[in-house]
Amino acid sequence: MTLENVETYQEVDFSSRSEEEKNDFLSMTWCNQCGEMDLGMVEPKEYVSEARHWIEGRCKVCYAEVITEIQEGDDIE
Ligand SMILES: [Zn+2]
C-alpha cells in the first residue's frame, strides 16, 4: 500500500482502549462482502487523519477488509 496521494494519517493503539470499547468495536461491523452487519472483526488497526478516525480489520466470516468509522461527536456537524 502506497502512502502517496492520500491524506495523511497515523496509526493509534487500538489495544489501549478499554475491553468494553474493544468488544463494541469488534462486534459492531459492516461487511460489504457478506452484506451483513455485526459479523465481527479480527486484526483491528485504528487510524486517525485530520478528517477521519476509523478502525480497519478483517471480517471474521470471509476475511475481507472491514472499516468502522468512529464518530467522536466533537467535530461532527
Ligand atoms: Zn464478510
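Both counts, for ligands and for their atoms, begin at 1 and track the order of listing.
Side-chain contact between W54 and V48 is absent, with no heavy-atom pair separated by less than 4.5 Å.
Looking at H53 and E46, their side chains do bring a donor and an acceptor atom within 3.5 Å of each other.
When every heavy atom of T68 is checked against every heavy atom of M28, the shortest pair comes out as OG1-O, 3.7 Å. Between G40 and T29, the shortest heavy-atom contact is N-OG1, 3.1 Å.
Within the sub-2.8 Å shell of the Zn ion (ligand 1), the protein contributes these N/O/S atoms: C31 SG, C34 SG, C59 SG, C62 SG.
A distance of 9.5 Å separates SG of C59 from CE of M41, quoted to the nearest 0.5 Å.
A salt bridge links E69 and R52; the closest N-O separation between the charged side-chain nitrogens and carboxylate oxygens is under 4.0 Å.
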